[in-house]
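To keep things clear, I will list the structure first and then write my remarks on it.
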Number of protein chains: 2
Amino acid sequence: MLDPINCKIIKTLQDDARISFAELGKRVHLSAPAVAERVRKLEAAGVIRGYRADIDLDKLGYPIVALVQCRVFRAKEKQFKQLVLDSDEVIECYNVTGEQAFIVKVAAPTMPMLDDVLERFCTLSDTNTMVVLSKPRDRVLPGSFVDAAGR
Amino acid sequence: MLDPINCKIIKTLQDDARISFAELGKRVHLSAPAVAERVRKLEAAGVIRGYRADIDLDKLGYPIVALVQCRVFRAKEKQFKQLVLDSDEVIECYNVTGEQAFIVKVAAPTMPMLDDVLERFCTLSDTNTMVVLSKPRDRVLPGSFVDAAGR
DNA sequence: GCTGAAAACATGGACAG
DNA sequence: CTGTCCATGTTTTCAGC
């Protein structure tokens with residue numbers, strides 16, 4: 001399943017998910033129908049979950065991103081999870097090891113809007129807010145996988 | 001630029017970036033050439049940065065994801081940034097507010113492999129490792145934007 | 001996994017609002 | 001300036017191998 005050709009297909013679609021099967025086939029030295037069939041199988045196996053446009057949140061009017069560490073109060077966990085799911089500003093939420101700990105990623109148009117969200121969270125947890133200044137590394141695949149897949 | 005039609009185009013390409021312009025046109029009630037032109041402009045403006053396959057890291061052999069909070073030692077910041085860029089296992093790194101603070105997202109095939117990475121990081125920073133147990137929320141666009149774009 | 005034909009799609013130009 | 005329509009070349013897809 002994860003032979004070198006499929007690895008390269010994954011890496012290539014990670015780079016540009018809208019190239020044609022003809023072009024993808026060229027890059028992995030396979031015909032278009034052959035590569036289309038491999039992609040179909042990778043999708044069916046759940047290795048490829050889908051294809052997403054990579055959007056610049058800043059240009060959409062959400063210049064502020066914050067990571068909020070939340071130590072959820074015992075007996076408030078259910079409410080907290082609901083708040084996470086109900087909050088428009090929450091784009092990611094990780095349940096992590098450590099006592100009732102969550103890391104919540106929030107996008108906001110303005111600082112007052114970020115503050116609104118934080119106020120809602122601190123009624124259910126002890127929060128530690130870290131505003132994102134920059135993102136020196138941002139990718140999906142580990143470097144070791146990309147290297148193994150070749151260029 | 002960000003009129004309701006473009007918002008819906010962004011939302012739709014966020015859902016499935018490989019649909020045809022013909023299909024995308026149908027969904028926003030525009031002809032294929034018209035929608036292709038809008039997409040071209042959104043790309044040129046940098047709102048759409050590209051298109052990526054959404055890959056299941058678990059199925060690729062990296063079942064372990066951890067968020068590592070690093071308080072970087074003064075005078076080691078340059079070395080630390082280089083280590084982040086050189087480490088295959090690092091998939092994301094956020095520079096956040098707070099004294100020399102970083103949140104590093106690491107993907108690893110096994111626990112011993114995660115441990116290896118952490119050992120390298122703790123020579124340059126005080127680390128606090130949070131292993132990700134689950135991700136109850138995972139999206140790119142804030143809910144408010146998706147709602148505004150319509151369905 | 002390859003080839004080849006038919007249908008769907010992308011793309012460029014002419015032109016209307 | 002942004003849309004539609006239409007013609008042409010690509011791309012996808014399916015059959016047969």
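Below, chain A is the first sequence line, B the second, and so on; all start at residue 1.
At a threshold of 4.0 Å, the pair A/Asp126-A/Arg71 does not count as salt-bridged, since none of the basic side-chain nitrogens sits closer than that to a carboxylate oxygen. With salt bridges taken as basic N to acidic carboxylate O contacts below 4.0 Å, one links B/Arg40 and B/Glu37.
Under the 4.5 angstrom side-chain criterion for Ile, Leu, Val, Met, Phe, Trp and Tyr, B/Leu133 has no cluster partners at all. Under a 4.5 Å side-chain heavy-atom criterion applied to ILVMFWY residues, the cluster that includes A/Phe73 comprises that residue alone.
Taking atom CG of residue B/Asn6 and atom C1' of nucleotide D/dG3, one finds them 13 Å apart after rounding to whole Å. The CZ-C1' distance, from B/Phe21 to D/dT12, rounds to 16 Å in whole Å. What separates CG of B/Asp3 from C1' of D/dG3 is a distance of 13 Å, to the nearest Å. Protein atom CD of A/Glu37 is 13 Å distant from nucleotide atom P of D/dA15, rounded to whole Å. B/Ile19 has its CD1 atom 19 Å from the P atom of D/dT11, to the nearest Å. As rounded to whole Å, 22 Å separates atom P of D/dT11 from atom CZ of A/Arg40. Rounded to whole Å, the distance from NE2 on A/His29 to P on C/dC2 is 12 Å. The distance from atom NZ of B/Lys26 to atom C1' of D/dG3 is 19 Å, rounded to the nearest whole Å.
Comparing the axis of the opening five pairs of the helix from C/dG1-D/dC17 to C/dG17-D/dC1 with that of the closing five pairs yields an angle of 30°, rounded to 10°.
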Show me the donor-acceptor pairs within less than 3.5 Å that the side chains of residues 102-118 of chain A make with the rest of the protein, sequence neighbours left out.
unit_1: A/Lys105; atom_1: NZ; unit_2: A/Glu92; atom_2: OE2; d: 3.1
unit_1: A/Lys105; atom_1: NZ; unit_2: B/Tyr94; atom_2: OH; d: 2.7
unit_1: A/Thr110; atom_1: OG1; unit_2: A/Met113; atom_2: N; d: 3.2

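In this structure, the nucleotide among C/dC9, C/dT11, D/dT11 sitting nearest to the side chain of A/Ala22 is D/dT11. Considering only the side chain of A/Ser20, D/dT12 comes nearest among C/dT11, D/dT4, D/dT12. With D/dT4, C/dT3, C/dG1 as the choices, the nucleotide that has an atom nearest any side-chain atom of A/Pro33 turns out to be C/dT3.
Phosphate proximity of D/dC1 to B/Lys41: absent, as no side-chain N or O sits under 4.0 Å from OP1 or OP2. OP1 or OP2 of C/dG1 has at least one side-chain nitrogen or oxygen of A/Arg38 nearer than 4.0 Å.
For B/Glu99, the salt bridge (charged side-chain N to carboxylate O under 4.0 Å, His left out) criterion is met by B/Arg74, not counting sequence neighbours.
The salt bridge (Lys or Arg N to Asp or Glu O under 4.0 Å) analysis of residues 12-22 of chain B, with sequence neighbours excluded, yields the pairs B/Lys11-B/Asp15.
Place B/Ile5 and B/Arg18 on DNA chain D by their nearest nucleotides, and B/Ile5 ends up nearer the 5' end.
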